[in-house]
Amino acid sequence: MAPGLLSLPPEIIIEILVQLSYLSLFATVCTCRTLRAIITTSPRVQYALQASLAAVTPADESPTLDHVASRLRALRTREKNWSKLHFTGTTESHVGHRTSGIYDLTAGVYLLGESGWSDGDSATTTKAIHYVRLPSKPTPSEEVQWKRIDVGEEIIDVGLNVVEHDLIVIATRALDTTSPSAIHHTQSGTPNFWVLRLHLLSLSTGASHPLARQPVLYLGRAGAGNHRIRIEIIGQLIILLILHPPDREGDEMVVYDWFTGDLLMRADAGRGIYTGFTLLTHDTIVLPNHRANCLDIVCMPWLSPAPDWTSNHAPIEPIQEIKPILSLELPPLQPGVRLVRSTCRGEPNPHAPRQPLHPSSAENAIVIFKLFFQDRTIRTRGPYGIPLAGPVMAFAFVVHRRALCELMHLATGREHTGAAPDHPSVPWSIWGPQRTRWFEGEDIPGHWIATTCGQRYVNIPEDREPDERACIYVSDFNPLTVKRFIWETEKRVRELANRTRAVTERNVLHAASVWKCPIVSLLPYVYVASREQYEYQSILVDEGRVIGMKVSD
Amino acid sequence: MVVLITSDDERIVVEDDIAKRSGLIRDLLAAPWDPKDGDREYMGIELPIVSSDVLKKILEYCEHHKEEPFDDTYESEDMFADIDEWDLNFITADPHMAFEIVLAANYLEIPPLVSLGSKAVANMMRGKDAEEICDMFNIEKDFEP
């Protein structure tokens, strides 16, 4: 005869219960009055339950009971305010500089590039970075302090690791004055050689980062044209996707150890095949593949946390190619239509350091892909009779990071170390419809991709008249939120508000000019529209804030 | 050497270092002893709620961890995330004993083992419905939703 659970002292019962997920807690509530009483009254158990439901990482140092109770309250309030899209306050801050295209929002830091000198063509360049630590309570605008970081070179992109290392990584380019051919071309008006560098700075001081043995890393030379760099930081490692102008050298994927300055990997990324990537797990990335019209999942063994890079210099491998371990095909395109550009984002990153309170869990987070298609067979005449390709059409879809990981494990087995010469490719019709939700028109993220955090996606229709106001929409893809919403509406527990709705029905996109067949997608979500309308042109989101942008001339 | 007497009257002889993983035994051994009360080793320490099966199992744990500093805090990390392999094998070898181990470890005051056992018990509850939880833990179901 097994001894009864109830013979244990209550603190041990609580110790057991806090380990349980919401499902087991719901089952246990239905067993007996004693356990029910413990579950419904213990702040620790309630906190574990709430964290499991909201898919956030609970704060984990052994806190006192008071702390647990206040954390529980904070978490409940936050989730309730999100579900009703109730804003508790507004802080306004004036951006004093002309902004460029560079921005980021992570761990309460919002960053905007400063538009700088123009190098003769129409492209906007970035000459400095301004950032602000976002207040979590309503604050007078004069107390919101912007800081400026200028490294004296043109900035191409920026990466942040705020919580763990107070690190800002700034990728720059500068004219290579040492090359004779550069001088030659400069005289003719087109600089031909650029030096790409990575500056490793402490965010709070703007000075060289004390942990970086080499505060400036030399990335290499590059020819004329626009260079773009995508940066992700995991702990000690920086992953870069360096995109060169299409007619120049091939694109590269590079991994650095920023503590030592060692180059750990440099892989050939083809030409114009990839334009963005996001992390799937600590050692796997997902990249939309423009040539094959699919999502490539690539394992980066360099990112595995095992080796101690500091003591043992890792050998630099010869240039390798990016070899996917799995390709998830996107819906088949009409002949002539190409995927021409893509951006993607999932926040927070896997293995991101713990933020102060209740970060959404990275495994459960959604990833948003925004895809731009163009029919290359249509030719129209632009100004001065220049032939132009057809219009660019944008679509977006949402998928859970967890769903992509499960597909990876299903298709490749748990051990995904080596890339097979013929990696598996899964047709869209098999993996896609159940696991994704597609958007078009005004429902897709606009100018900014930082419209997701955890399982939420925020949106405001951007295509409006300048003085026209619009509602903010929040879509929550947490399956538990959806289940609970449906249950509450059925049981009439919740008052039916027309601002809120569960979207469980199929969505069909009929863009016959882009796809061979209509796209069906089924991933359910709950959306809520704000009670009021706002004049913001676009919005961004983090764990507890929505950032609205007003643009002036 | 310490002699531990189990609920089924078995006398188990253990090295001090191993027995002292238990806060209870540590405190008992630290308490002053009047030789007039008899030979301490011979008298032994009675553990009336711990059976010999469970005690042997717990001593196996104590022996494995005897070199480590005492940890008197209960941690609550992710389930099994940071548990070392030996501990994981130890606690999952006989799932039904996990429950008795927590009970005894709590009595003997071995916090890391209570924490490990709690995780194992929680793991047993995963995916079970109310009926199954009642059967498994000998709970009289007195609640209908």
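Protein chains get the first letters and strands the later ones, always in sequence-line order, with residue 1 at the start of each. These figures come from a predicted structure and were not determined experimentally.
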Are the charged groups of B/E109 and B/R26 less than 4.0 angstrom apart, N to O?
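Judged by the 4.0 Å cut-off on N to carboxylate O distance, B/E109 and B/R26 do not form a salt bridge.
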Using non-hydrogen atoms and a 4.5 Å limit, figure out which bit of A/L35 sits close to chain B: side chain, backbone, both or neither.
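The side chain, not the backbone.
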Toward chain B, the part of A/L8 with a non-hydrogen atom under 4.5 Å
both
Chain B shares the most heavy-atom pairs under 4.5 Å, among A/A27, A/S21, A/P9, with A/A27
For B/H65, enumerate each residue passing the ring-ring contact (aromatic ring centres under 6.0 Å, His included) test, keeping only those at least two apart in sequence or located in another chain.
B/Y61, B/W86
Could you work out, with side chain to side chain contact (heavy atoms under 4.5 Å, CB included) as the rule, every residue matching B/K56, not counting sequence neighbours?
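In terms of side chain to side chain contact (heavy atoms under 4.5 Å, CB included), with neighbours along the sequence ignored, B/K56 is linked to B/E10, B/I12.
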Ignoring hydrogens and geometry beyond distance, is a side-chain donor-acceptor pair present between A/Q236 and A/H165 at under 3.5 Å?
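No, because no side-chain N or O of A/Q236 sits under 3.5 Å from a partner of the opposite role on A/H165.
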